[in-house]
Structure formats: structure tokens, C-alpha cells
Amino acid sequence: MAACLLCSAGIVGSTLPVCAASSSVLFEQQTWKEIQADIAAGTTTIIIPVGGTEQSGPYIAVGKHNTRALYLAQQIAQKSGHTLVAPVVAYVPEGSTSPRTSHMRFPGTITVSPDVFEKLLISAGESFQVQGFKLIVFLGDHGGYQKYLQKAAETLTRKWQGTGAKAVYAAGYYTVVAHQYSDWLKQKGYGKDVGMHADISDTSLMLAVDPSMVREQALRASGVPSTAEGIYGGDPRRASAALGQAGLAMQVNAAVQAIEQARGR
């Protein structure tokens, strides 16, 4: 088994078993012969992690969603078993370029049109299905494109009817952050710190996965956050890796449950 990529990169801080997120589940780290052997041996589930490249306020690096999606997809694959992880989709709808809207109003954001994005998802799913994968799981770390993941999964499942293959949109992976995790933070006394973007939950999740992606010294010294800085509601200044660990576990569990349900367990 290859060395754990996350450990070698120094990505620590989660109570989830980091070393379990081994490169052995990464599709792009295998040869075609190894992938063929995996499928023949029953590894017929593949996760397509969808991230996004966007501004997340002054204190979180713009690759936040890509880093988190890859990290968590590996955890989910390990826990689910017989599952590989596809390369992260990092180019997603983030607003218009003319006029500049949504996150595209800030430097550091990359956008594609919803039509292009949806076609990319469908093409990726078809690529895996013709190789022998039976369950293609769309896992989205950003809120702006969730409906396109669902639509792509539904389109592919209809197309594959009678083949034994299907696509699944693991909605709970994303929605658990805004509901279960948000409620947990509020119960812990962080209610006023919870917002919509780059808040305490967003920052804590990032600290738990890769603290190097957070400009923590500047964050601790900052004043009250504002929308003009790209922080939409809430306050990230009390964020911590310990708080983020709880949210990561909720996301992993929600996605594993979705996979098990799709498998009929």
C-alpha cells in the first residue's frame, strides 16, 4: 500500500483516521490494469468529489472546497469499502463574469456555466459506467451547484435503466453542515458565529482538514467580519480544528449512509 498522501503532506488535526485516507482509493494514482483488477474484484463504486475554486473571505485559501472534498471522499471511500475516488471537479458555477456576480465579484474565483458543468458531470459519469462501475456517487462541497448534481444523477440513472448501474446524489453530505452541524454549534454556544459563508463552521472544517489553508494569525487579529470582505454572516474568529472535527464526522457518516442505501443495505 502506498504511503498516506495526507500524512506526508502534513494534513492533520482531525479525529477521523487520517492514515485511513490512503492513496489506494485514488483513481488517478492507479494504473489502468490496477483499476481493471479492482472492478473485477468488486470495487464498482466511485465517488466524484465536486469542490470549487472561490473566495472564502480574507482568511481561507480559495481551494478550500477542493481540499475538503478530496480529504472527505477518501474517508468515505475507506469506510464504505469497495470504492474509489475520482479526481476532484474544481471548476464549477460561481457566478457570471459579465457582469461579475456572486463570488466572481472577488479575485480568486473561477466559474463555468451551469450547462458546461452539468455536461461535464454527465460525461464523467458515463466514463466510469462504461468501465464497469455500477454506482457513481456525486459528492458536492459547495452550495451553489447542488441542484445540478441531483439533475445529473437523475439523468444518468434514467439513461442506464436496465443496465444495473445508477448514479446517486449524496445530498446529506452537504446539507448536514447547514442543519445538524449548525445546530450542534448553536448548542455549544456558537449561535451568533454561524453564518452562510466563511463563518465559524466553514473555518473550523478547514482547520480540521488542513490548517495551512487558514491564515489563522490574521484571523485572530481581525476585527468584526463584513460582507465586503466576502464573509456572509456569522463570525469565524472563534473557529477551531476541534469544532471542525465534529462536522467532518457528520459529513462522512451522511455520505456513507447514502452509499449504503444506494447499495440496498
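In what follows, residues are counted from 1 in the order of the sequence shown.
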Exceeds 12 heavy-atom contacts within 6.0 angstrom, atom CD of Gln261: no
Which value, rounded to the nearest 0.5 Å, describes the distance between [X] atom [atom1] and [Y] atom [atom2]?
{"X": "Lys134", "Y": "Lys166", "atom1": "NZ", "atom2": "NZ", "answer": "12.5 Å"}
{"X": "Leu219", "Y": "Thr203", "atom1": "CG", "atom2": "OG1", "answer": "6.0 Å"}
{"X": "Ile76", "Y": "Thr83", "atom1": "CD1", "atom2": "OG1", "answer": "10.0 Å"}
{"X": "Met213", "Y": "Leu205", "atom1": "CE", "atom2": "CG", "answer": "13.0 Å"}
{"X": "Ile35", "Y": "Glu28", "atom1": "CD1", "atom2": "CD", "answer": "10.0 Å"}
{"X": "Gln131", "Y": "Ile39", "atom1": "CD", "atom2": "CD1", "answer": "5.5 Å"}

Could I get the full list of side chain to side chain contact (heavy atoms under 4.5 Å, CB included) partners for [X], not counting sequence neighbours?
{"X": "Thr109", "result": "Glu54, Gln55, Glu94, His103, Met104"}
{"X": "Ser96", "result": "Pro99, Thr101"}
{"X": "Asp193", "result": "Tyr190, Ile200, Asp235, Arg238"}
{"X": "Ser226", "result": "Ala228, Glu229"}

Test item: [X] side-chain N/O and [Y] main-chain N/O as donor-acceptor pair under 3.5 Å:
{"X": "Arg105", "Y": "Ser102", "result": "yes"}
{"X": "Lys186", "Y": "Val194", "result": "no"}
{"X": "Gln29", "Y": "Ser24", "result": "no"}
{"X": "Gln75", "Y": "Tyr71", "result": "no"}
{"X": "Thr111", "Y": "Pro93", "result": "no"}

Side chain to side chain donor-acceptor pair (under 3.5 Å) involving Thr53 - partner list, sequence neighbours excluded: Asn66
Does any part of the side chain of [Y], heavy atoms only, come nearer than 4.5 Å to the side chain of [X], both counted from C-beta?
{"X": "Val50", "Y": "Leu121", "value": "yes"}
{"X": "Leu156", "Y": "Gln129", "value": "no"}
{"X": "Tyr169", "Y": "Gln146", "value": "yes"}
{"X": "Lys64", "Y": "Val209", "value": "no"}
{"X": "Gln161", "Y": "Thr157", "value": "no"}
{"X": "Ile48", "Y": "Leu149", "value": "no"}
{"X": "His65", "Y": "Val92", "value": "no"}

Restricting to non-hydrogen atoms, name the atom on [X] and the atom on [Y] that form the minimum distance, rounded to 0.1 Å.
{"X": "Val168", "Y": "Ala153", "result": "C-CB, 4.0 Å"}
{"X": "Ile231", "Y": "Pro236", "result": "CD1-CG, 4.1 Å"}
{"X": "Ala241", "Y": "Ala208", "result": "O-CB, 3.5 Å"}
{"X": "Ala73", "Y": "Pro49", "result": "CB-CB, 4.0 Å"}
{"X": "Ser204", "Y": "Leu243", "result": "OG-CB, 3.7 Å"}
{"X": "Leu207", "Y": "Pro211", "result": "O-CD, 3.5 Å"}

Members sharing Val62's hydrophobic cluster (side chains within less than 4.5 Å): none
Hydrophobic cluster (4.5 angstrom, side-chain heavy atoms) - remaining members for Met196: Phe106, Tyr232
Option from Leu135, Val85, Ile136 for which side chain to side chain contact (heavy atoms under 4.5 Å, CB included) with Ile46 holds: Ile136
Flag for Arg263-Ser80: side-chain donor and acceptor within less than 3.5 Å: no
Donor-acceptor side-chain pairing of Asp199 and Ser201 below 3.5 angstrom: yes
Would you please name every residue forming a salt bridge (Lys or Arg N to Asp or Glu O under 4.0 Å) with [X], sequence neighbours left out?
{"X": "Arg215", "result": "none"}
{"X": "Glu126", "result": "Lys159"}
{"X": "Lys151", "result": "Glu118"}

Pairs where residues 110-132 contributes a residue and the test ring-ring contact (aromatic ring centres under 6.0 Å, His included) is met, not counting sequence neighbours: Phe27-Phe128, Phe117-Tyr145, Phe128-Phe133
Qualifying side-chain hydrogen bond (donor to acceptor under 3.5 Å, both in side chains) pairs, either residue in residues 171-181, two or more places apart: Asp141-Tyr173
Evaluation steps, side chain to side chain contact (heavy atoms under 4.5 Å, CB included), between His82 and Thr44: CA-CA 7 Å; His82 300 291; Thr44 55; over 6 Å; no
